[in-house]
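Here's the structure, in C-alpha cells; my notes come after.
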Amino acid sequence: MRRPLEARVHAHLAQGGFQSGAELARRLGVSRSAVWKAVVSLREGGLVVHAVRNRGYRLAAPCEPLDAAKIRAALRSGVRERIRDIETAWSLESTNAALLARTDLAPGQADVLLAEYQTAGRGRRGRAWLAPPGGAICLTLAWSFREVPRDLGALALAVGVCVLRALRRRVEEPIALKWPNDLMLGDRKLAGILIEMRAESGGPTYVVIGIGINVALGAAVLERIAAAGTRATDLKSAGADPAPRNAIVAELIGEMVPGLAVFEREGLRPFVEEWKAADALRGRAVRVQTGETSARGVARGIDIGGALLVETPQGLRKFISGEVSVRPEE
Ligand code: ATP
C-alpha cells in the first residue's frame, strides 16, 4: 500500500536540514501545494515543522522514520527468533486496539506493532495518549502466556522495569517509576504503559502491552497534555539524541522479551528490588483516587505482589493497580 503523502514528506524531512517545497514536490512527484497541505496536516498533529522563506521546510527535531527491517536487524539473536512479526504503520487509531484483535499468537512469541501517529491513542480509564507524528515511540508488543501468570495484575510493574533498563542507556538523569504504569523524569511523565488483555478460560492469556515513549513532543503537544492535567517531558529534553528511534525500539524489545519470559516463570519477585530502587513516590505525601473515594497518606513503596502501600491516618493500606490513580500532593 502506498504510504500517505504526510509519511513521505516526513521521511524526507527526517533526514534533517532544510528542504525546499519545490524540491520535495519534484522528488515526491506531487505539486508544491500538495506538499504544503501535507506539512499543514503534520503540524495539525503537533509536529514542529519550520518553514523559512527561500530555504524551505525543516523539522525542529529530526527523528528517523520507524523501519521494521532496521528494528529486526538490530535485535540480538535469542530475541529476534521470538518475534513473529514487526510492523510499522504511519497512522492507526491505537496500536493496542489493532493487536488486541489478533487471536493466533503462540505462547513464547511476540508480535510488535508501531505507529508514527495514533488518532485515538489510549491511556487508562478511557483517557487519551497524545503524541505528534514521528515524535514518539508508540509501540505495542503482544504476548501470549501459556497459563495465567501468578502476578498478572502486576505485569505493568515488571514491564516498567524493562522499559527503565532500556531507556537508562539513553538518559543520564535518573528515571523513576511512578506506580503503577508511568516512567518519570522528576515530576514529568516520560513514558507510559497500558496493558490490555484477553484471558481464554483454562488456556493461554493474551496480553497487549502498549508503551508510549515521548521522544520529541514539541510545544503544542506538551500544552495539550498539560491541559489534560499532566506534566510531560521527552528524551530530547533529557539530553538524549531523538534521531535513532529504531535502535531505541530494538533495545526496548531486547529488554521486554526476556523480561516477559522471566515474569512468566517467576512473577514479579525478580523485578521488585529494581522497581523499589526507582520508586518515584516512596516517602511522598500522596492522594489515591479509587473510583469516587480518595485516600491521603504517605507512600511506603510496594509489597512483593506489586500493591502500593500507603500509610494513612487509619493505618497502612494496600492498593492494587486496577483503576487506581495516584497523585503526589504538592
Ligand atoms: P494517573 O496520572 O491518574 O495515575 P495515569 O498515569 O495512569 O493516570 P494514563 O491513563 O496512563 O495516566 O495516561 C493518560 C494520561 O496521560 C492523560 O490523562 C494525559 O494527561 C496524559 N498524557 C497523554 N499523553 C501523554 C504523553 N505523551 N506523555 C505524558 N502524558 C501524557
Side-chain angles (χ1 to χ4, degrees), residues 45-48 61 63 93-97 114-140 153-157 159-160 163-164 167 171 175-196 208-238 240 242 245 248 279-281 284-296 299 302 306-308 310 319-330:
L47 187 69
V48 183
C63 295
E93 278 188 11
S94 140
T95 53
N96 264 20
L114 295 121
E116 292 285 12
Y117 187 59
Q118 295 187 105
T119 54
R122 313 216 274 225
R124 296 193 305 154
R125 286 165 280 139
R127 296 189 308 171
W129 186 263
L130 305 173
I137 291 172
C138 302
L139 170 149
T140 294
L155 178 58
L157 278 71
V159 170
V163 179
L164 180 71
L167 293 185
V171 177
I175 302 173
L177 292 165
K178 176 176 168 277
W179 190 91
N181 64 332
D182 294 325
L183 286 94
M184 313 290 292
L185 281 172
D187 60 356
R188 292 177 176 269
K189 202 191 283 195
L190 174 67
I193 296 162
L194 179 70
I195 296 182
E196 299 179 84
V208 297
I209 302 167
I211 300 172
I213 299 173
N214 299 329
V215 178
L217 290 181
V221 171
L222 279 170
E223 269 168 35
R224 283 169 59 201
I225 297 169
T230 305
R231 282 150 65 88
T233 187
D234 55 27
L235 291 177
K236 182 169 180 263
S237 314
R245 283 188 304 157
I248 299 172
D279 187 345
L281 298 174
R284 292 181 70 178
V286 292
R287 185 168 51 82
V288 186
Q289 188 80 36
T290 324
E292 295 299 297
T293 60
S294 84
R296 286 194 149 81
I302 56 168
L308 177 71
V310 179
F319 296 90
I320 51 165
S321 67
E323 299 293 280
V324 183
S325 165
V326 197
R327 291 290 161 112
E329 301 264 50
E330 295 300 331

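One-based numbering, in listed order, for ligands and for the atoms of each. Counting begins at 1 with the first residue of the sequence. These values consider heavy atoms only, across backbone and side chains, with no hydrogens, waters or symmetry-generated copies.
- Listed as neighbours of ligand 1 are Gly123, Arg124, Arg125, Arg127, Ala128, Trp129, Leu130, Lys178, Asn181, Asp182, Lys189, Asn214, Ile225, Ala228, Thr230, Ala232, Ser325, Val326, Arg327, each bearing a heavy atom under 4.0 Å from the ligand.
- With a 4.5 Å cut-off on side-chain heavy atoms, Leu164 and Leu183 count as touching.
- Residues Leu235 and Val171 form a side-chain contact, since some pair of their non-hydrogen atoms from C-beta on lies under 4.5 Å apart.
- The side-chain heavy atoms of Trp129 and Leu194, taken from C-beta on, include no pair separated by under 4.5 Å.
- Side-chain contact between Pro328 and Leu281: present, with at least one pair of heavy atoms (C-beta onward) separated by less than 4.5 Å.
- Side chains of Val215 and Ile137 form a contact here, defined as non-hydrogen atoms less than 4.5 Å apart.
- By the neighbour-count criterion of 12 heavy atoms within 6.0 Å, atom NZ of Lys178 is densely surrounded, having more than that number from other residues, nucleotides or ligands.
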